[in-house]
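One structure below.
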Amino acid sequence: MKKVVLLIFAACLIACQPQGESQQLISQPSYSATLSEDGSLALISTSNNDLQLWDLISLQQKYHWVHGTDNNSDAIDTAISANGQFAASLSKHSVALWQIADGQSLGWWSLPASGQSVAVSDRGNLLVGLSDASVMSLDPSKQRLIQFLGHTEKVNRVAISADGYTAISGANDNQVIVWRADTGQPVQQWQLDSRVTQVALNQDASLAFASDSTNQAKIWQISNAAMVSQLKIKRRKMNFSTARFTNNNHWLMTGTPAREVMLWQVNTGNQLANWRVNRTEHAQIKGAVVYSVANKANHELVSLSSNGLLETWAVPHN
């Protein structure tokens, strides 16, 4: 009996985390949402080509943007630079760059193939993963475009370092490639067991994360390509909808399409906490995709989901 009780208690250290505080930002359907690095801003793409930038300190909408004017201009992906100065929105056919200080549009560009994922650096340069297996690296300030051709199948996710010089991309060819965004030169390359569905870089591009469509998720040291850890996933399948390094690279915070927010130890791959986002009271769809996660300045963890809920989670004490 003691052994059973101990096992239940140990499971609750991970699974039975207290529910967080919730704030409903929007009630209409959303296609994408991104939290800033410090959790003070949120960029949400809703229906009708509507982009909303929210100040999460005052819980007030800061800007209303329109990505495009045609019926195919709904933004399917969004991004905010690590320094909170730039935002990006991506539709299937175009990418747009916005300046957060004054809300001005800094440019709008048509894409050569269907857009899949977007990232933006502290310098305002853009990275776009495309369905034709290429990645577009665009530096608007220098009017320079580089098309990276290292993949052989559709690129699902991209991320860029804060300084804008290191990129990572993951594709249906099972490849994870780290490369120079300013030259297109590959730096490191790894292969997972199935198509790559999520990637992330820490701010200084010393660590890379990638996961596939089954249950494989790994963290590497970029300088020497050595694997730091593999997330200890005890399921046959787990897909991540978002991932972010936090707490001075000690933690990896992730979200899933199944209402889960998870916290992992970077150097061991151990799971530190697991929360489940709330359902909205009158929601027609009971599920929710966790779009973005962040660690606020006061060390509270926050998540933003497809049901429009901004939720705060207490940091676990280990």
Side-chain angles (χ1 to χ4, degrees), residues 32 34 37 43 67-68 75-100 105-173 175-190 196-210 220 222-223 225 242-245:
S32 173
T34 300
E37 187 77 22
L43 178 59
H67 178 90
I76 59 169
D77 199 20
T78 50
I80 297 176
S81 63
N83 61 5
Q85 294 185 15
F86 300 97
S89 56
L90 177 76
S91 73
K92 287 293 185 181
H93 306 294
S94 60
V95 62
L97 180 65
W98 312 88
Q99 187 161 274
I100 291 177
S105 171
L106 297 178
W108 183 95
W109 297 268
S110 295
L111 300 175
S114 181
Q116 304 296 314
S117 176
V118 68
V120 61
S121 80
D122 287 355
R123 298 188 294 114
N125 53 325
L126 296 162
L127 200 68
V128 181
L130 300 168
S131 61
D132 66 355
S134 70
V135 183
M136 189 177 80
S137 176
L138 175 64
D139 188 341
S141 65
K142 298 180 180 179
Q143 297 185 336
R144 182 170 60 188
L145 172 65
I146 293 173
Q147 200 161 14
F148 179 68
L149 303 175
H151 292 284
T152 59
E153 295 186 42
K154 181 178 74 172
V155 176
N156 296 312
R157 298 300 301 176
V158 297
I160 196 166
S161 59
D163 64 13
Y165 290 107
T166 304
I168 186 171
S169 50
N172 278 358
D173 58 7
Q175 297 296 312
V176 182
I177 304 177
V178 177
W179 47 283
R180 291 280 301 185
D182 57 335
T183 65
Q185 183 68 29
V187 176
Q188 301 291 359
Q189 186 168 348
W190 301 282
V196 181
T197 57
Q198 191 59 242
V199 297
L201 290 173
N202 65 340
Q203 287 195 38
D204 66 4
S206 60
L207 296 174
F209 166 77
W220 297 274
I222 292 178
S223 60
T242 187
R244 174 171 274 164
F245 289 97

Below 3.5 Å, can you tabulate the donor-acceptor pairs from side chains in residues 141-149 to any protein atom, sequence neighbours excluded?
residue : atom : partner : partner atom : Å
Ser141  : OG   : Asp139  : OD1          : 2.7
Gln147  : NE2  : Ser134  : OG           : 3.0

**Message:** Working to the nearest 0.5 angstrom, can you tell me the gap between Phe86 CZ and Arg123 CZ?
**Reply:** 9.5 Å

**Request:** Could you tell me whether the side chains of Ser169 and His151 share a donor-acceptor contact shorter than 3.5 Å?
**Result:** yes

**Request:** Could you grab the distance from atom CG of Asn156 to atom CD of Gln116, nearest 0.5 Å is fine?
**Result:** 6.5 Å

**Message:** I'd like to check Val176 versus Ile168 (side-chain heavy atoms, cut-off strictly below 4.5 Å). Are they in contact?
**Reply:** yes

**Request:** Say whether Gln175 and Gln189, considering side chains only, have a donor N or O and an acceptor N or O under 3.5 Å apart.
**Result:** yes

**Prompt:** Taking C-beta and beyond as the side chain, do Val199 and Phe209 meet within less than 4.5 Å on heavy atoms?
**Reply:** no

**For the student: nearest non-hydrogen atoms of Ile160 and Ser121, plus distance** = CG2-N, 3.8 Å

**Test: Asp77 and Arg157 ion pair at under 4.0 Å** = yes

**Gap separating the CG atom of Leu126 from the OG atom of Ser137, nearest 0.5 angstrom** = 8.5 Å

**Request:** With the side chain counted from C-beta on, respond yes when Ile222 and Leu207 share a heavy-atom pair under 4.5 Å apart, and no when they do not.
**Result:** no

**Prompt:** Strictly by modelled atom types, are Ser89 and Trp98 linked by a side-chain donor-acceptor pair under 3.5 Å?
**Reply:** yes

**Prompt:** How long is the span from the CG atom in Leu201 to the OG1 atom in Thr166, to the nearest 0.5 Å?
**Reply:** 7.0 Å

